[in-house]
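Taking it in order: structure first as structure tokens, then the write-up.
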2 protein chains.
Amino acid sequence: MTSVSDDSSPSVRQRRPTMRDVARLAGVGIKTVSRVINGEPNVSPGTTERVRRAAADLLYEPDLHAGNLRRADGRSRTLGLLVSSVANPFAAQVHRAIERVAIEYGYAVLAASLEDDPAAELRAVTALARRRVDGFIVTPVRDDQSYLRVHVDRGTPLVCVDRAPRGIETDCVVTANVDGARDAVRHLLSFGHRRIAFLGDLDRIETARLRREGYVTELAAAGIDVDPALVVLGLHDDATATAVARRLLTLPDPPTAIFSSQNLITIGTIRALQQLGLEHKVALVGFDDVETGDLMKPAITAVAQDPDRIGRLAAERLFAHLDGDTSPARQVVVPTRLIVRGSGEIPAPGGAAH
Amino acid sequence: MTSVSDDSSPSVRQRRPTMRDVARLAGVGIKTVSRVINGEPNVSPGTTERVRRAAADLLYEPDLHAGNLRRADGRSRTLGLLVSSVANPFAAQVHRAIERVAIEYGYAVLAASLEDDPAAELRAVTALARRRVDGFIVTPVRDDQSYLRVHVDRGTPLVCVDRAPRGIETDCVVTANVDGARDAVRHLLSFGHRRIAFLGDLDRIETARLRREGYVTELAAAGIDVDPALVVLGLHDDATATAVARRLLTLPDPPTAIFSSQNLITIGTIRALQQLGLEHKVALVGFDDVETGDLMKPAITAVAQDPDRIGRLAAERLFAHLDGDTSPARQVVVPTRLIVRGSGEIPAPGGAAH
DNA sequence: CAGGCTCCTGACAACGTTGTCGGGCGCAAG
DNA sequence: CTTGCGCCCGACAACGTTGTCAGGAGCCTG
């Protein structure tokens with residue numbers, strides 16, 4: 001029956017139908033339409049059918065936000081996600097995992113990319129709060145998240161991913177950064193390396209600090225002093241990493257192995273090694289897997305994170321809170337996995353310590 | 001003066017303040033608060049200051065959706081983005097570019113990942129429509145987008161990215177798929193290849209069809225018949241691509257070059273070549289650049305798309321419509337760029353045609 | 001046949017905000 | 001002194017929906 005509305009090509013601007021319009025067409029009260037749309041009980045089958053038909057004829061779409069205004073739970077069925085950078089493959093994977101869970105719960109995801117800019121974090125939280133998202137999943141970029149307390153107190157749960165928050169106690173899902181870094185370094189040590197360089201991201205980023213801590217701890221456990229000349233921090237893109245790696249590798253007493261503590265840094269380091277023709281001589285282990293690492297020569301040994309699991313766990317914690325879970329904040333640590341492919345198994349020259 | 005509200009640790013659930021609360025605290029009418037919050041004129045400096053202070057004290061955040069309900073333009077300052085897959089690096093780059101433009105305009109982005117599932121496209125559009133996004137940027141997945149007509153007619157502009165829509169006339173920003181594919185094939189022809197394989201994505205995806213068209217056209221222009229045995233469609237992940245490439249390469253009369261028409265397919269193909277030890281013997285050109293393509297041996301020659309430009313142009317077209325531009329629908333084609341790195345410059349054995 | 005229960009339905013207020021409008025005040029001009 | 005105008009300001013309705021409530025119809029029970 002659904003009468004196809006006049007289908008002439010010159011599409012004209014039309015008013016968007018409301019429940020009122022549907023009610024009029026179906027010859028019922030507006031509240032009855034509301035009941036049918038929301039699947040509430042106590043509407044006769046005949047009425048239900050008439051309302052359904054009218055809604056379909058008008059291509060009616062309910063206004064979720066208008067409903068929330070009055071609805072008891074006030075839920076917008078939207079959650080806010082703050083990601084370090086949409087273009088970072090790790091973050092993209094986390095995003096996808098979160099969205100998958102969100103869809104299961106009938107939620108949409110408002111995502112904002114921070115590009116590791118502290119000001120962007122504030123801007124994005126404000127933008128999301130004004131849109132009344134039901135919950136936040138945040139990758140902390142600022143060095144203090146206490147400003148989020150007020151949102152939690154007002155009933156908007158918060159889960160942090162990838163990095164622990166500061167200034168607020170809240171659920172948080174992170175990679176085992178220290179252990180993963182120790183694994184990487186231990187692996188290199190087991191191939192006889194004693195001069196292992198560390199290439200780290202900006203030290204204000206928590207994961208960068210933790211990975212450095214793992215590096216230092218594992219060296220200490222092996223009785224090796226950290227050579228400050230082999231530790232470079234503050235790298236955030238591959239070009240800088242290439243330059244720094246070249247400098248280290250051309251030192252009078254260069255490292256025999258490199259632990260690069262982040263994706264882009266690893267890529268920059270590989271480029272430097274290839275440029276100097278050292279990719280088969282100097283060992284390399286990266287933190288965070290490089291997607292095509294198995295296609296390079298040598299293939300890249302890496303400490304892989306599990307972004308899918310991290311995203312899923314974070315989303316599940318958030319929905320648990322939305323379902324009323326009030327258990328105390330806890331930190332979930334997701335272990336890493338060392339993927340052995342070749343670049344990390346190049347033995348130290350001579351095999352003995354310096 | 002901003003009195004720091006009682007900072008005891010046991011954070012208690014609090015009511016979210018409204019304009020009413022701010023008005024009461026500032027001792028003014030609610031409409032005056034509205035004026036101050038929205039920067040409307042004709043409020044005395046003293047009153048403005050009192051309202052500002054009250055709003056800050058209460059940590060008031062306006063409810064954007066409640067405002068839209070009444071606001072003349074009814075703008076939610078949110079736009080909906082449907083992306084083929086959040087995990088696809090190309091799509092992620094497009095997403096980022098769009099978000100950058102959106103932020104400039106004070107907009108937030110509601111993104112949904114479709115995973116190339118036609119049903120997901122419908123679901124996502126409905127979810128976004130109910131949230132009253134001001135505009136759609138859609139990567140078409142279904143074979144018909146006419147269902148979006150009604151949203152456009154009701155004043156929600158639509159721009160398509162990456163793939164042209166069907167069943168509706170609307171702005172659209174796409175890669176020069178045919179020309180790019182022809183460039184790739186011409187490049188291989190110039191190195192003497194006559195048996196060039198084509199590895200394509202699912203044929204229901206428009207870009208896959210267009211790239212195949214480019215392949216066929218360029219071969220025809222060179223007077224070469226397409227050997228059906230060398231054309232494989234329907235590949236959508238790297239594992240399948242690897243299997244298919246292996247099969248082709250072990251044919252009695254194998255191809256001397258491969259044109260892989262998508263990112264993941266290229267990766268799968270490289271893996272097959274390496275497994276068979278043919279990576280320096282069989283030429284390869286990929287459509288869509290592989291991020292670490294320069295680190296492989298041989299480095300990968302690719303037809304690079306420009307996701308940044310595509311995303312930016314799409315967002316700008318959308319905002320132009322939101323600003324009242326009513327010019328007719330147009331298709332913007334973004335050219336590709338052939339990046340020569342090595343894998344595509346392996347000459348055909350013998351150098352002569354079959 | 002009265003009373004009570006269940007089912008179905010719609011009038012109305014309310015959600016938090018903005019548009020409209022009109023009133024009060026101060027000041028300049030007639 | 002009156003008039004008129006511009007600036008501030010708040011009461012009120014309205015946006016599209018849902019919660020509350022009360023009323024009517026139908027049925028069963030005693």
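If you're wondering where the values come from, they're calculated on a predicted model, not measured in any experiment. Letters go in sequence order (proteins before strands), and every chain restarts at 1.
Under a cut-off of 6.0 angstrom, the local environment of CD in Q331(A) is crowded, with over 12 non-hydrogen atoms contributed by other residues, nucleotides or ligands.
Listed by chain and residue number, T47(A) satisfy the side chain to side chain donor-acceptor pair (under 3.5 Å) test with S44(A) (two or more places apart in sequence, or in another chain). Remark: H321(B) pairs with no residue by the ring pair (Phe, Tyr, Trp, His ring centres under 6.0 Å) rule, at least two apart or across chains. Remark: E61(A) pairs with R130(B) by the salt bridge (charged side-chain N to carboxylate O under 4.0 Å, His left out) rule, at least two apart or across chains.
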Tabulate atom names and distances for all N/O pairs under 3.5 angstrom spanning the protein and nucleotides 6-8 of chain C.
residue, atom, partner, partner atom, Å
dC8(C), OP2, N42(A), OD1, 3.4

Between the protein and nucleotides 16-18 of chain D, list every N/O to N/O distance that falls short of 3.5 Å.
residue, atom, partner, partner atom, Å
dG16(D), N2, A66(A), O, 3.2
dT17(D), OP1, Y60(A), OH, 2.4
dT17(D), OP1, D63(A), N, 3.1
dT17(D), OP2, M19(A), N, 2.6
dT18(D), OP1, N38(A), OD1, 3.2
dT18(D), OP1, N38(A), ND2, 2.8
dT18(D), OP2, S34(A), OG, 2.5
dT18(D), OP2, N38(A), ND2, 3.3
dT18(D), O2, R70(A), NE, 3.4

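Under the 3.5 Å distance criterion, with hydrogens and angles disregarded, no donor-acceptor pair is assigned to the side chains of N68(A) and S76(A). Side-chain atoms of T78(A) and R131(B) include a donor-acceptor pair closer than 3.5 Å. Neither side chain, E316(A) nor Y105(A), offers a donor N or O lying under 3.5 Å from an acceptor on the other.
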Between protein and nucleotides 23-28 of chain D, map the contacts as a letter string: B base, S sugar-phosphate only, - none, heavy atoms under 4.0 Å, written 5' to 3'. ------
Does the pair D116(B) and R204(B) meet the rule for a salt bridge (charged side-chain N to carboxylate O under 4.0 Å, His left out), with working shown? CA-CA 10 Å; D116(B) 278 313; R204(B) 71 173 158 82; 5.2 Å; no
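The shortest side-chain heavy-atom distance between F136(A) and T156(A) falls under the 4.5 Å cut-off.
Ion pairing between R317(B) and D171(B) holds under the 4.0 Å rule for side-chain N and carboxylate O.
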